[in-house]
Protein chains: 2
Amino acid sequence: MKSSKDEIFRAARFLFSTKGYHGTTIRDIAKARGILSGSLYAHIESKEDLLYAIVEEGATAFLDALIPISQSDMSALNKLQAALVAHIEVITTHMDGARVFLHEWTALDDEHRQKVLLQRDEYEKLWAQLLQEGIDTGVLKPVNVKYLRLLVLSAGNWVSEWYRSDGPMSPEMIASEFLTILLYGVAE
Amino acid sequence: MKSSKDEIFRAARFLFSTKGYHGTTIRDIAKARGILSGSLYAHIESKEDLLYAIVEEGATAFLDALIPISQSDMSALNKLQAALVAHIEVITTHMDGARVFLHEWTALDDEHRQKVLLQRDEYEKLWAQLLQEGIDTGVLKPVNVKYLRLLVLSAGNWVSEWYRSDGPMSPEMIASEFLTILLYGVAE
DNA sequence: CCTACCGATCGGTAGG
DNA sequence: CCTACCGATCGGTAGG
């Protein structure tokens, strides 16, 4: 059962992802649903509230995917692999939401932005722990964890800039190729 | 000699980078220069023209840094190293312009966007050639060049999201650490 | 969800 | 670079 509210969110997610929050008007969203702009306010509180709901949803999707992996009893290497697959799968299966989370959180008001940054900090902390575990157990070289985390998440996040669901690369293939290069390098 | 026009460009670069093109008003830019919005039009043609000038400047900075490296007679490995350093230096020394180029080109009108995308395509082609040369001369493993280029540039581009000039990492250190991980991997 | 608006702000211009 | 505007559009609301 898709409610009107769901459809409004879907339209807003797509438009915010494509044209940005400030580049999207309330009338754009209404038009995508075939209604007039004033009618939106039966379903939403404000444009900013709509943005926050979408960004929060994105942040939560990343955390919900990583937390069970982080808490599992897999080996450090398997955790790393599972986490990279999960990260790229969140991006590729929720492209619009992930893109809005990654790029449009700057448009949030102070209070909402603070909340989202706390979620992002938690996500980054879990990744740092996971990589540190790999180093501590001797499966990863003793590199600077902050650099490594930045490199992994940088490459992961940028997938949202070029991934196309109708392209030749599946999420699993992307994650697998990235992981192989990261683990073993490209020097012959 | 800094002209008024230079100062307007500087203010616009900063504001577009921080709040986005659509999130920045012509009055924001004027205010940063201590003048009124109408007065801007003695120096610029339109808001969109200002955006294009800044985005084009960013695209050209990346190309101007890469082309001499690409055409030099360095070894493939030295080219790769020099190209990564150059890419990260363009980002870190022109943060605002690079960020506007990387994120705000979507706000350009069709004609300007096409021109910028041609520059981006050329940049990516040079990188692909450079990596292919590494594979052909046997210094890099025969991995999929497209994946590798995406991984390298993804990690490189995302630097624009977290780099702070007052932070602990210099551009050279970032490039060096990234290159070491990419070449030799992190698996122990 | 529509009709019918509102005040505020937008990018931009004419004439100095 | 300012004064003084312009028409268009913005996010949002009252009352059905």
Side-chain angles (χ1 to χ4, degrees), chain A residues 1-56 96 100 103-113 116, chain B residues 1-56 96 100 103-113 116:
Chain A
M1 293 293 271
K2 275 174 190 164
S3 70
S4 287
K5 194 166 180 175
D6 289 340
E7 295 293 333
I8 289 167
F9 269 63
R10 173 200 292 269
R13 233 181 264 117
F14 173 72
L15 288 164
F16 289 168
S17 159
T18 309
K19 315 205 299 173
Y21 175 71
H22 291 299
T24 301
T25 70
I26 228 67
R27 283 165 179 79
D28 289 335
I29 300 169
K31 194 178 175 187
R33 294 289 310 115
I35 61 180
L36 293 179
S37 63
S39 308
L40 278 181
Y41 290 87
H43 304 283
I44 68 169
E45 299 242 323
S46 69
K47 190 190 176 193
E48 207 272 349
D49 235 78
L50 186 54
L51 175 64
Y52 177 63
I54 291 171
V55 170
E56 201 274 340
D96 292 332
V100 175
H103 298 297
E104 301 301 322
W105 62 269
T106 49
L108 290 167
D109 64 33
D110 285 346
E111 191 195 326
H112 285 155
R113 191 168 54 242
V116 165
Chain B
M1 293 293 270
K2 274 175 191 163
S3 70
S4 287
K5 194 165 178 174
D6 289 340
E7 294 294 332
I8 289 167
F9 269 64
R10 174 201 290 271
R13 236 181 261 117
F14 173 73
L15 288 164
F16 290 168
S17 160
T18 309
K19 316 205 300 174
Y21 175 71
H22 290 299
T24 302
T25 70
I26 226 69
R27 283 165 180 80
D28 288 336
I29 300 169
K31 195 177 175 187
R33 293 289 310 115
I35 62 179
L36 293 179
S37 62
S39 307
L40 277 181
Y41 291 85
H43 304 283
I44 67 169
E45 299 243 323
S46 69
K47 189 189 177 193
E48 207 272 347
D49 235 78
L50 185 55
L51 175 64
Y52 176 63
I54 291 171
V55 169
E56 200 275 339
D96 292 332
V100 175
H103 297 298
E104 302 300 323
W105 61 270
T106 50
L108 290 167
D109 64 32
D110 286 346
E111 191 195 325
H112 285 156
R113 191 167 55 242
V116 165

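Heavy-atom basis, side chains included; hydrogens, waters and symmetry copies ignored. Quick note on labels: first sequence line is chain A, next is B, and so on, each numbered from 1.
- With dC1(C), dC1(D), dG11(D) as the candidates, the nucleotide lying closest to the side chain of I26(A) is dG11(D).
- Rounded to an integer number of Å, the gap from K19(A) NZ to dC10(D) C1' is 13 Å.
- Residue L36(B) is classed as a base contact, given a heavy-atom separation below 4.0 Å to a base.
- In this structure, I8(B) places its CD1 atom 14 Å from P of dG12(C), rounding to the nearest Å.
- Considering every non-hydrogen atom in both E104(A) and G20(A), the closest pair reads OE2-CA, 3.6 Å.
- At least one side-chain nitrogen or oxygen of Y41(A) sits closer than 4.0 Å to the OP1 or OP2 atom of dG12(D).
- Between the P atom of dG11(C) and the CG atom of L51(B) lies a distance of 12 Å, rounded to the nearest Å.
- Here the nucleotide nearest the side chain of S37(A), chosen from dG12(C), dC1(C), dG12(D), is dG12(D).
- Nucleotide dG16(C): paired with dC1(D) (Watson-Crick or G-U wobble, both distances less than 3.5 Å).
- Candidate nucleotides dG12(D), dG11(C), dC2(D) were compared by shortest atom distance to the side chain of I35(B), and dC2(D) ranks first.
- Remark: C1' of dG12(D) and CG of L40(A) are 11 Å apart, rounded to the nearest angstrom.
- Summarising the base pairing, dA8(C) is matched to dT9(D) through a Watson-Crick or G-U wobble pair whose two defining distances lie under 3.5 Å.
- Rounding to whole angstrom units, CD of residue E48(B) and C1' of dG11(C) are separated by 13 Å.
- Atom-to-atom, CD1 of I44(A) to P of dG12(D) comes out at 7 Å; the value is rounded to the nearest Å.
- In terms of phosphate contacts, T25(B) brings no side-chain nitrogen or oxygen within less than 4.0 Å of OP1 or OP2 of dT9(C).
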Requested in this report: Please assess D110(A) against R113(A) for the test salt bridge (charged side-chain N to carboxylate O under 4.0 Å, His left out), listing each intermediate value before the final yes or no.
Outcome: CA-CA 5 Å; D110(A) 285 346; R113(A) 191 168 54 242; 2.5 Å; yes

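- For dG11(C), neither phosphate oxygen OP1 nor OP2 lies less than 4.0 angstrom from any side-chain nitrogen or oxygen of S46(B).
- Contact of the R13(A) side chain with the F9(A) side chain is registered, since non-hydrogen atoms from C-beta on lie closer than 4.5 Å.
- Contact between V116(A) and W105(A) at its shortest, heavy atoms only, is CG1-CB, 4.3 Å.
- Between F16(A) and Y21(A), the ring planes lie perpendicular to each other; the angle is over 60°, past the 30° to 60° tilted range.
- Summarising the geometry, the separation between CZ on R27(A) and P on dA8(D) is reported as 14 Å, rounded to the nearest angstrom.
- Checking dG11(C), dC2(C), dT13(D) against every side-chain atom of S39(A), the shortest atom distance belongs to dC2(C).
- The NZ-C1' distance, from K5(B) to dC1(D), rounds to 16 Å in whole Å.
- The phosphate of dC10(D) has neither OP1 nor OP2 within less than 4.0 Å of any side-chain N or O from H22(A).
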